[in-house]
Amino acid sequence: MACRIGELVLKCHDPEVLARFWREVLGFVELDREEGVYIEIGPREGFGGPQPTLFLIRDDEPKNGHARLHIDVNPTDRDQDAELERLLAAGAELVDIGQPADASWHVLADPEGNEFCLLKRRIDPL
């Protein structure tokens, strides 16, 4: 038997802000929290389902450079342009990390500057 990803852990200065942002982006709900320490968000089915949860843990250390791991998201119910508008309205910012001008994806950053990519292809929602 192989492993599968159960949760992704993201250190951040303000778990409240990032939980709100990523709930909007992913359509997740809050699953668990320890006030001032962490917030776990995920699909309504909770931990252990087909999608990993996102565990946002408070960390006061400054972010140093680009993350070695980032999240890629895919539109599920609209095209890439419409999803880009929605993500920007939710608080994402477009960033340039040296991607080609004609890239089929957009590189964005969440409210704390964590990079993630919006891919072009649509996938079916779970």
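FYI, side chains are in, hydrogens and waters are out, and symmetry mates aren't considered; it's all heavy atoms of this structure.
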Participant: Going through the distances and angles, do Leu26 and Val73 end up as a side-chain contact (heavy atoms from CB on, under 4.5 Å)?
Facilitator: CA-CA 8 Å; Leu26 300 171; Val73 297; 4.0 Å; yes

Participant: What's the shortest heavy-atom distance between Pro111 and Val17, and which atoms?
Facilitator: CB-CG1, 3.8 Å

Participant: Check whether any side-chain heavy atom of Cys12 lies under 4.5 Å from a side-chain heavy atom of Arg58, and answer yes or no.
Facilitator: no

Participant: Would you check if Glu83 and Leu118 make a side-chain contact, meaning some heavy-atom pair closer than 4.5 Å?
Facilitator: yes

Participant: Drop me the distance from His70's NE2 to Leu8's CG, to the nearest 0.5 angstrom.
Facilitator: 12.0 Å

Participant: Report the residue from Asn114, Ile57, Asp60 that forms a side chain to side chain contact (heavy atoms under 4.5 Å, CB included) with Lys11.
Facilitator: Ile57

Participant: If you measure from CD1 on Ile41 to CZ on Phe21, what distance do you get to the nearest 0.5 Å?
Facilitator: 10.0 Å

Participant: Leu56 versus Tyr38: any side-chain heavy-atom pair under 4.5 Å?
Facilitator: no

Participant: Tell me which donor-acceptor pairs under 3.5 Å the side chains of residues 90-109 have, and how far apart each pair is, sequence neighbours excluded?
Facilitator:
unit_1	atom_1	unit_2	atom_2	d
Asp96	OD1	Gly98	N	2.7
Gln99	OE1	Ile97	N	2.8
Gln99	NE2	Val95	O	3.0

Participant: Kindly compute the distance separating CD (Glu45) from OG1 (Thr53), expressed to the nearest 0.5 Å.
Facilitator: 12.0 Å

Participant: State, with a plain yes or no, whether a side-chain heavy atom of Glu40 is found less than 4.5 Å away from one of Glu30.
Facilitator: no

Participant: Any side-chain heavy atom of Phe28 within less than 4.5 Å of one from Pro43?
Facilitator: yes

Participant: Test of understanding: clusters of I, L, V, M, F, W, Y form through side-chain heavy atoms closer than 4.5 Å, transitively. Do Trp22 and Leu119 belong to the same one?
Facilitator: no

Participant: What distance separates Arg86 CZ from Arg78 CZ, expressed to the nearest 0.5 Å?
Facilitator: 5.0 Å

Participant: Side chains of Phe55 and Phe47, heavy atoms from C-beta outward: is any pair under 4.5 Å?
Facilitator: no

Participant: Check whether Leu88 and Phe116 end up in the same hydrophobic cluster, where Ile, Leu, Val, Met, Phe, Trp and Tyr are linked by side-chain heavy atoms less than 4.5 Å apart.
Facilitator: yes

Participant: Would you sort out whether Arg33 and Glu16 count as a salt bridge (charged side-chain N to carboxylate O under 4.0 Å, His left out), showing the intermediate values?
Facilitator: CA-CA 10 Å; Arg33 77 165 47 225; Glu16 290 289 339; 2.4 Å; yes

Participant: Taking atom CG of Asp110 and atom CG of Leu10, what is their separation to the nearest 0.5 Å?
Facilitator: 6.5 Å

Participant: Do Glu112 and Leu18 have side chains that get closer than 4.5 Å, going by heavy atoms?
Facilitator: yes

Participant: If we ignore hydrogens and angles and just use 3.5 Å, is the side chain of Arg4 paired with the main-chain N or O of Pro52 as donor and acceptor?
Facilitator: no

Participant: Side-chain contact test, heavy atoms from C-beta onward, threshold under 4.5 Å: evaluate it for Leu87 versus Val25 and give yes or no.
Facilitator: yes

